[in-house]
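Data first, discussion second: the structure below is written as structure tokens.
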Amino acid sequence: MLTKIFAGAAIAIALLTITAGYTQRSALVLRAEKQDNYWPRHGTGLSGGYRGGTWILLPNRSSYGGFRGGGPSAGK
Amino acid sequence: MPVTTKTQRTSRFIDPWSYIALGASGLVLLALMGSQFFYKKLVSERVSVEPEASVELESIQLEPRLVGALRIDVRALLPSNTWVIYEIQILDQNGDVIASAMKEAWSESGTWYEDGESGSWSESDLQGGLDVQAKKNEQITVAIAVLEYGNTSGQELEQPVGFKVTVENGVVDTRYLWSGLIGSAILGIIAVIATPISGKTAIAKTIQDSDPSGRATVGGADQLVRVKINVKADETFPRQLTARLVINDAYGEQVYARAMPMHFILGTEDTRRHQLQCFFTLDPRSSYGFHVEVTPDAPVDQTKLTVRDRNHTLVPVEVVHIRPSPLSDLSDHPQDKHP
């Protein structure tokens, strides 16, 4: 029965997303070398990473990407 | 073959799975509402940060937790036509940076002229955010640093930048829940749509007349057969159409015959659609003939007969149970019955 498959998939999606949301899978984990699950909010990306337990800031991060403001007039 | 016919309203053929699928999205909705009860606001303040400097907030005791994370939300309070690169930093007890995330924020406005019309516009992207979890107990301090500040003309600015900072603990990431709600709701809706068309289509016959018929092997003691009659008629007709449905068994003997009023479902400028659905259990499973006659037939442009075998329903329905009469063997030999 097709509806069984839809119901199974809906339950799987519900359980996975509730688990991911409540355990905050997307958060930065302090002192963890791997941050594979980090999901930026509001375009706020990590500006460094752990190497041997120490946070190393990205070099030249202040001129990162040559950002000079966004918006409709950017790039003109 | 004599048969007994019994009409009964029953919930026996309701498909529970379509409701279970909808229930899954209900569960996500509850989780979404429940997530509002777990967090606790720790800090909400405005800070002012000089370019190439940073400002520390009060220190926070962070513990490993099962539900939620520490959420730092920052909003840059920028004057128009300026931009700032700021960083949310996490410092440990010694004042060393143990995590950082960067946001490029900007605010712009101006006026536009087009075809003699004019107006003003303003756009901005000021909000930044970082969610943090700890693996062990940790005393941390949140700091906001301004890496670069300038205006859209390309000048660097030296004035301090204002920020609105909010820190909450135990925040659940609702982005997962929203996508889960949409995903499971779509599947639930598909399941609900799929239920009335479940099973096998035994007969699907469309004719440009009013009397379609077809024969197929359907039924079984505990199987629902759905008969659907769709009529397309033109507008010049009496309001009420009647469909007469006759079902014959494998020997061509009539086991059911009834005329029923059709339901008007949709009308457009030159066609009006009518529908009639009825439900049967036909015992034993065998070849059955279905004959439809729609009256009056003058306005009928098209009639479609659909018979679905092993069907299910969403709501309780009126089912006509047709099965061989238990006395059928005796009635063939009346002399046995009345010696």
Under 4.5 Å to a heavy atom of chain A? For Ser25(B) that would be neither
So, the part of Ile90(B) with a heavy atom under 4.5 Å from chain A: the answer is side chain
Quick one: what part of Ala32(A) sits under 4.5 Å from any heavy atom of chain B, side chain, backbone, both or neither? both
If you count heavy-atom pairs under 4.5 Å between each of Tyr19(B), Phe38(B), Trp178(B), Trp17(B) and chain A, which one has the most? Trp17(B)
Measuring from Leu187(B):CG to Leu22(B):CG, what's the distance to the nearest 0.5 Å? 10.0 Å
May I ask you to say whether Lys103(B) pairs ionically with Asp125(B), meaning some side-chain N is under 4.0 Å from a carboxylate O? yes
Where on Glu52(B) is there a heavy atom nearer than 4.5 Å to chain A: the side chain, the backbone, both, or neither? neither
Which bit of Leu66(B) comes within less than 4.5 Å of chain A, counting heavy atoms only: side chain, backbone, both or neither? backbone
Which region of Ile5(A), side chain (C-beta onward) or backbone (N, CA, C, O), has a non-hydrogen atom less than 4.5 Å from a non-hydrogen atom of chain B, or is it both or neither? neither
Contact winner vs chain B - Gly48(A), Ala14(A), Gly45(A), heavy-atom pairs under 4.5 Å: Gly45(A)
Among Leu32(B), Leu177(B), Leu70(B), who wins on heavy-atom pairs under 4.5 Å with chain A? Leu177(B)
In terms of heavy-atom proximity below 4.5 Å to chain A, should Leu126(B) be classed as side chain, backbone, both, or neither? neither
Among Glu138(B), Gln127(B), Arg175(B), who wins on heavy-atom pairs under 4.5 Å with chain A? Arg175(B)
Taking every heavy-atom pair that is under 4.5 Å apart, which of His42(A), Gln24(A), Arg25(A) has the most such pairs with chain B? Gln24(A)
Does any backbone or side-chain atom of Ile186(B) lie under 4.5 Å from a heavy atom of chain A? Answer side chain, backbone, both or neither. neither
Check each atom of Leu78(B) against the heavy atoms of chain A and say whether the ones under 4.5 Å are side chain, backbone, both or neither. neither
Under 4.5 Å from a heavy atom of chain A, the part of Ser198(B) involved: neither
Any donor and acceptor pair, going by atom type alone, linking the side chain of Gln223(B) with main-chain N or O of Asp309(B) inside 3.5 Å? no
Which of the residues Ala21(B), Ala69(B), Ala99(B) is involved in the greatest number of heavy-atom pairs with chain A at under 4.5 angstrom? Ala99(B)
For chain A, which of Thr174(B), Val171(B), Val192(B), Asp96(B) has the most heavy-atom pairs under 4.5 Å? Val171(B)
Checked Lys135(B), Lys136(B), Arg310(B), Arg65(B) vs chain A; the most non-hydrogen pairs under 4.5 Å come from Lys135(B)
Between Tyr86(B) and chain A, with a heavy-atom cut-off of 4.5 Å, which part of the residue counts as in contact: side chain, backbone, both or neither? neither
Under 4.0 Å between a Lys/Arg side-chain N and an Asp/Glu carboxylate O for Asp222(B) and Arg12(B)? yes
About how many Å separate CD1 of Ile140(B) and CD of Gln93(B), when rounded to the nearest 0.5 Å? 11.0 Å
Test side-chain hydrogen bond (donor to acceptor under 3.5 Å, both in side chains) on Ser100(B) and Ser47(A) and set out the steps. CA-CA 6 Å; Ser100(B) 64; Ser47(A) 57; 2.7 Å; yes
Are the side chains of Leu181(B) and Thr17(A) in touch, meaning some heavy atoms are under 4.5 Å apart? no
Would you say the side-chain atoms of Lys40(B) pair up with the backbone N or O of Gly170(B), donor to acceptor, closer than 3.5 Å? no
Heavy-atom proximity to chain A below 4.5 Å, by part of Glu87(B): side chain
Could you look at Ile88(B) and say if it's the side chain, the backbone, both or neither that has a heavy atom under 4.5 Å from chain A? side chain
May I ask you to test the Leu130(B)-Tyr38(A) pair for a side-chain heavy-atom distance under 4.5 Å? yes
Spacing of OG1 belonging to Thr166(B) relative to NZ belonging to Lys41(B), to within rounding of 0.5 Å: 5.5 Å
OG of Ser107(B) to CG of Asn151(B): how many Å apart, nearest 0.5 Å? 12.0 Å
Going through the checks in order, is the side-chain contact (heavy atoms from CB on, under 4.5 Å) test met by Leu58(A) and Met102(B)? CA-CA 10 Å; Leu58(A) 288 173; Met102(B) 198 168 72; 5.7 Å; no
What distance separates Asp92(B) CG from Leu62(B) CG, expressed to the nearest 0.5 Å? 12.5 Å
